[in-house]
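Let me begin by presenting the structure, written as structure tokens, before commenting on it.
Here the structure is a predicted model, which means the values were calculated and not measured. What's counted below: heavy atoms across the whole structure, side chains too, no hydrogens, waters or symmetry copies.
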Amino acid sequence: MEKEKRNTAEIEIIDFPAEDYQPLKDYEGWRVAVLRSCENTRLEKIHWMQKHMQTDEVFVLISGRCRLILAGEDDCPGNYKSVEMEPYRLYNIRKGIWHNHILDDKGAVLIVENQNTTDENSPTWEMSEDEIRVLRTCVRGL
């Protein structure tokens, strides 16, 4: 049997990367990316929060476990909450909400966002040691 062609006029097939964040497809204003388990998605390595000022961000759990961390929409993160993702459910984090994510060893999340989502329109907050302690207390167990 002949090996399947990867890309044709009708379909483009894109493999997921082995780990970390990787944009997979940009098209007319939107982007699909994947985030897979890596060192930066471990609870003990989380030291920052981010928010997107021009777009919501959609997450779908495709394998393993992922916990979304939410921290409000004020000038700085606070009032930490965590949401354990369930497979086959869409989680839409609204623009302007501080967030991050923790994945287990098998964790993989599909992400949909605006194509122009960049560090320039997505502030990052470096957390203090006290903020990190509060965060870790909030999300124990993954």
Side-chain angles (χ1 to χ4, degrees), residues 3-142:
K3 187 176 179 182
E4 173 188 5
K5 257 189 167 175
R6 300 292 297 168
N7 297 306
T8 68
E10 294 87 16
I11 190 168
E12 178 181 10
I13 301 171
I14 302 168
D15 292 327
F16 285 11
E19 68 174 34
D20 212 350
Y21 172 84
Q22 181 68 46
L24 301 175
K25 179 68 180 172
D26 286 353
Y27 185 77
E28 294 187 6
W30 55 265
R31 170 183 300 136
V32 176
V34 68
L35 174 65
R36 295 189 77 167
S37 181
C38 63
E39 186 174 338
N40 291 333
T41 62
R42 303 278 181 249
L43 176 58
E44 62 274 6
K45 296 293 183 176
I46 301 291
H47 59 88
W48 56 271
M49 299 295 285
Q50 185 177 49
K51 63 179 175 178
H52 305 299
M53 301 309 292
Q54 297 180 358
T55 183
D56 288 5
E57 186 173 27
V58 172
F59 296 89
V60 179
L61 180 63
I62 53 179
S63 67
R65 293 178 63 196
C66 179
R67 185 167 292 173
L68 295 172
I69 305 163
L70 308 173
E73 60 185 322
D74 293 334
D75 290 340
C76 60
N79 192 25
Y80 296 98
K81 299 174 188 170
S82 71
V83 175
E84 181 81 24
M85 292 181 70
E86 296 176 33
Y88 314 113
R89 296 186 87 178
L90 189 141
Y91 295 81
N92 183 44
I93 297 180
R94 308 254 186 234
K95 73 178 178 178
I97 300 296
W98 292 104
H99 64 281
N100 207 326
H101 15 65
I102 302 168
L103 284 82
D104 72 0
D105 290 340
K106 297 177 182 171
V109 178
L110 192 70
I111 300 171
V112 180
E113 61 192 354
N114 285 356
Q115 182 179 1
N116 67 351
T117 301
T118 65
D119 289 340
E120 287 76 40
N121 57 35
S122 300
T124 298
W125 180 269
E126 285 293 325
M127 299 168 68
S128 69
E129 289 300 319
D130 286 341
E131 290 169 318
I132 291 170
R133 256 192 308 281
V134 170
L135 169 70
R136 289 179 180 168
T137 299
C138 173
V139 296
R140 295 237 185 263
L142 184 63

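In this structure, Leu61 and Met85 approach most closely via the heavy-atom pair N-CE, 3.4 Å. When all heavy atoms are compared, the tightest approach of Asp119 to Gln50 is OD1-NE2, 3.9 Å. When every heavy atom of Thr124 is checked against every heavy atom of Trp98, the shortest pair comes out as C-CZ3, 4.1 Å. For Leu90 against Val58, the heavy-atom pair with the smallest separation is CG-CG1, 3.3 Å. Shortest non-hydrogen contact noted between Gly96 and Met53 is CA-SD, 4.3 Å. Residues Asp56 and Arg94 come closest through the heavy atom pair OD1-CA, 3.4 Å.
More than 12 heavy atoms of other residues, nucleotides or ligands shown are found within 6.0 angstrom of CG on Asn92.
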Inset, instruction - Tell me, with the steps shown, if Ser37 and Arg42 meet side chain to side chain donor-acceptor pair (under 3.5 Å). - result: CA-CA 8 Å; Ser37 181; Arg42 303 278 181 249; 3.0 Å; yes
Inset, instruction - Please lay out, stage by stage, how His101 and Leu35 fare under the test side-chain contact (heavy atoms from CB on, under 4.5 Å). - result: CA-CA 10 Å; His101 15 65; Leu35 174 65; 3.3 Å; yes
Inset, instruction - Start with the C-alpha gap between Asn121 and Asn114, add the side-chain angles, then the distance that decides, and say whether side-chain contact (heavy atoms from CB on, under 4.5 Å) holds. - result: CA-CA 11 Å; Asn121 57 35; Asn114 285 356; over 6 Å; no
Legend entry - His47 vs Glu126, side-chain contact (heavy atoms from CB on, under 4.5 Å): CA-CA, chis, key distance, verdict: CA-CA 6 Å; His47 59 88; Glu126 285 293 325; 2.9 Å; yes
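Taking 4.5 Å as the limit, every side-chain heavy atom of Leu135 sits out of range of all side-chain heavy atoms of Asn100. For the pair Glu131/Tyr80, a side-chain contact is recorded, criterion being any heavy-atom separation below 4.5 Å from C-beta on. Residues Glu57 and Ile97 are not in side-chain contact: their nearest non-hydrogen atoms beyond the backbone lie 4.5 Å or more apart. Contact check for His99 versus Leu68: no side-chain heavy atoms found under the 4.5 Å cut-off. Counting only heavy atoms from C-beta outward, the side chains of Thr117 and Ser122 approach each other to under 4.5 Å. Taking 4.5 Å as the limit, every side-chain heavy atom of Met127 sits out of range of all side-chain heavy atoms of Pro77.
Here Glu44 contributes atom CD and Glu39 contributes atom CD; the two are 8.5 Å apart, rounded to the nearest 0.5 Å. Between Ile69 atom CD1 and Ile102 atom CD1 the span is 3.5 Å, to the nearest 0.5 Å. Distance check: Gln115 CD to Glu28 CD gives 9.5 Å after rounding to the nearest 0.5 Å. Here His52 contributes atom NE2 and Thr118 contributes atom OG1; the two are 10.0 Å apart, rounded to the nearest 0.5 Å. Distance check, rounded to the nearest 0.5 Å: CZ of Arg65 to NZ of Lys106 gives 12.0 Å. The CG atom of Leu110 sits 5.5 Å away from atom CD1 of Ile62, with the distance rounded to the nearest 0.5 Å.
Formation of a donor-acceptor pair under 3.5 Å by the Lys51 side chain with backbone atoms of Trp125 is not found in this model. Side-chain N or O atoms of Asp104 include none that pairs as donor or acceptor with a backbone N or O of Gly64 at under 3.5 Å. Using a distance-only test at 3.5 Å, with no hydrogens or angles considered, a donor-acceptor pair links the side chain of Tyr91 to the main chain of Glu86.
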